[in-house]
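To find a chain, count down the sequence lines: A is the first, B the second, and so on, and within it residues start at 1.
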2 protein chains.
Amino acid sequence: MSKQMTEMLKGILEGIVLAVLATRPAYGYDVTARLREQGFTDLVEGTVYALLIRIEQRGFVDVEKVPSEKGPPRKVYTLNALGREQLDEFWRTWSFLSEHIGQLRTELTEGDN
Amino acid sequence: MSKQMTEMLKGILEGIVLAVLATRPAYGYDVTARLREQGFTDLVEGTVYALLIRIEQRGFVDVEKVPSEKGPPRKVYTLNALGREQLDEFWRTWSFLSEHIGQLRTELTEGDN
DNA sequence: TACCGGTACTTGGTCTTACTATCTACTGGT
DNA sequence: ACCAGTAGATAGTAAGACCAAGTACCGGTA
């Protein structure tokens with residue numbers, strides 16, 4: 001993972017995971033796998049697990065332990081109402097940034113590119 | 001500043017400042033003012049100064065002290081070649097994130113909105 | 001039985017970054 | 001002498017992603 005990407009993911013990864021959970025409930029190993037498919041190939045499992053614990057403690061998800069045929073039981077996370085609110089808030093903040101940064105970029109490329 | 005925004009700015013603010021400097025050289029007070037006009041109203045000066053010192057130490061900018069009519073001399077920062085490279089890198093990482101997050105959002109809104 | 005690889009989750013410590021709060025320093029106006 | 005505005009610096013805190021290593025469970029193989 002480039003340092004650039006690592007730093008940029010701070011404060012964004014949480015929203016990404018909430019978005020992933022919004023499509024359907026998932027457990028940690030699954031979330032990591034889906035993100036890696038999505039292009040975040042270097043994402044480390046430890047990061048995802050820590051993040052999931054965090055959003056659980058904040059009450060954004062409901063958790064259910066489901067036995068697995070292979071390995072220890074899975075902790076399946078389901079986005080709840082509070083989590084959906086948080087996801088909305090994430091999209092609002094993201095939209096703001098996205099627009100303003102896009103604007104900056106436009107000014108630049110129109111100015112001297 | 002919302003906590004959400006604060007966390008999301010980590011790793012992005014540096015790129016934003018580089019982009020601002022790419023439009024034209026500026027000193028800290030000026031950068032802060034321009035960002036506040038741009039919509040980042042709650043951005044604190046201390047953050048910008050610290051960031052400018054950081055990018056100076058990394059060699060992304062050239063610095064020139066210019067006497068001011070009001071107050072102490074200004075430290076005018078000019079983006080140099082290394083800084084422009086870093087800015088390009090920032091845009092690449094930003095584009096990646098922007099695309100993938102946009103994709104996630106589309107999947108969501110098409111699925112259940 | 002004993003070992004190994006894949007699945008699944010946990011934890012302790014480090015680094016980076018933005019914030020808060022406070023401080024210095026210089027100028028012009030009252 | 002004092003104050004507001006300009007301009008910059010800094011110590012300490014909190015948050016988040018990383019790395020590294022570990023635990024636990026299962027099926028297959030020798």
Side-chain angles (χ1 to χ4, degrees), chain A residues 1-18 25-36 40-58 60-61 63-77 86 90 93 97, chain B residues 1-18 25-36 40-58 60-61 63-77 86 90 93 97:
Chain A
M1 185 89 71
S2 77
K3 194 166 157 296
Q4 179 88 236
M5 181 63 87
T6 290
E7 293 308 323
M8 224 183 269
L9 279 179
K10 289 185 182 181
I12 295 183
L13 187 57
E14 179 182 303
I16 295 175
V17 168
L18 290 178
Y27 54 98
Y29 199 79
D30 188 24
V31 170
T32 307
R34 278 158 78 182
L35 288 177
R36 285 194 170 145
F40 301 95
T41 48
D42 304 321
L43 194 63
V44 293
E45 290 177 71
T47 299
V48 175
Y49 285 117
L51 204 163
L52 286 171
I53 288 171
R54 210 164 68 224
I55 67 178
E56 177 188 351
Q57 282 170 349
R58 290 195 190 151
F60 298 153
V61 286
V63 189
E64 196 190 356
K65 273 215 167 150
V66 178
S68 164
E69 305 87 36
K70 304 246 319 179
R74 299 164 171 173
K75 281 177 74 177
V76 176
Y77 295 88
Q86 178 72 10
F90 168 76
T93 311
L97 267 183
Chain B
M1 187 90 73
S2 77
K3 194 166 158 295
Q4 178 90 237
M5 181 62 87
T6 290
E7 292 309 323
M8 225 183 269
L9 278 179
K10 289 186 182 180
I12 294 182
L13 187 57
E14 180 182 303
I16 294 175
V17 167
L18 290 178
Y27 52 98
Y29 199 80
D30 188 23
V31 171
T32 307
R34 277 158 79 182
L35 288 177
R36 285 190 171 149
F40 300 96
T41 48
D42 303 323
L43 194 63
V44 293
E45 291 176 69
T47 299
V48 175
Y49 286 118
L51 203 163
L52 287 171
I53 288 172
R54 210 164 69 222
I55 68 178
E56 177 188 353
Q57 282 171 349
R58 291 197 188 149
F60 299 153
V61 286
V63 188
E64 196 190 355
K65 273 216 169 152
V66 178
S68 164
E69 307 89 34
K70 304 248 315 180
R74 298 165 171 171
K75 283 177 72 176
V76 175
Y77 295 89
Q86 178 71 11
F90 169 75
T93 310
L97 267 184

Just the rounded figure in Å: distance from [atom2] of [N] to [atom1] of [X].
X       : N      : atom1 : atom2 : value
A:Leu43 : C:dC9  : CG    : P     : 15 Å
A:Leu52 : C:dC9  : CG    : P     : 8 Å
A:Ile12 : D:dC18 : CD1   : P     : 12 Å
A:Arg34 : C:dA8  : CZ    : P     : 14 Å
B:Met8  : D:dA17 : CE    : P     : 11 Å
A:Leu97 : C:dA18 : CG    : P     : 12 Å
A:Leu51 : C:dC9  : CG    : P     : 14 Å
A:Glu7  : C:dC15 : CD    : P     : 13 Å

Can a side chain N or O of B:Arg54 be found less than 4.0 Å away from OP1 or OP2 on C:dA18?
yes
It should be established whether B:Arg58 places a side-chain nitrogen or oxygen under 4.0 Å from OP1 or OP2 of nucleotide C:dT16. no
At 4.0 Å (heavy atoms only), tell me whether A:Val44 reaches a base, stays on the sugar-phosphate, or touches nothing.
sugar-phosphate
Separation between [atom1] of [X] and [atom2] of [Y], rounded to the nearest 0.5 Å:
X       : Y       : atom1 : atom2 : value
A:Glu7  : B:Thr93 : CD    : OG1   : 11.5 Å
A:Met5  : A:Lys10 : CE    : NZ    : 14.5 Å
A:Asp30 : A:Arg74 : CG    : CZ    : 7.5 Å
A:Phe60 : A:Leu18 : CZ    : CG    : 7.0 Å

### Message
Can you confirm whether B:Val63 sits close enough to B:Leu52 that some side-chain heavy atom of one is under 4.5 Å from a side-chain heavy atom of the other?
### Response
no
The complete set of salt bridge (charged side-chain N to carboxylate O under 4.0 Å, His left out) pairs with one or both residues in residues 40-57 of chain A, sequence neighbours excluded, reads A:Glu14-A:Arg54, A:Glu56-A:Lys75
Result for side chain to side chain contact (heavy atoms under 4.5 Å, CB included) between B:Phe40 and one of B:Leu13, B:Ile16, B:Thr32 points to B:Ile16
All heavy atoms of B:Gly28 vs all of B:Val48, minimum pair found to be O-CG1, 4.1 Å
All heavy atoms of A:Tyr77 vs all of A:Tyr27, minimum pair found to be CD1-CA, 4.4 Å
Stems field, DNA chain D, Watson-Crick or wobble, 3.5 Å, at least 3 pairs, by first number, holds C:1-30 with D:1-30
Per-nucleotide protein contact along nucleotides 7-14 of chain D, 5' to 3', at a 4.0 Å heavy-atom cut-off (B base, S sugar-phosphate only, - neither), is BBSB----
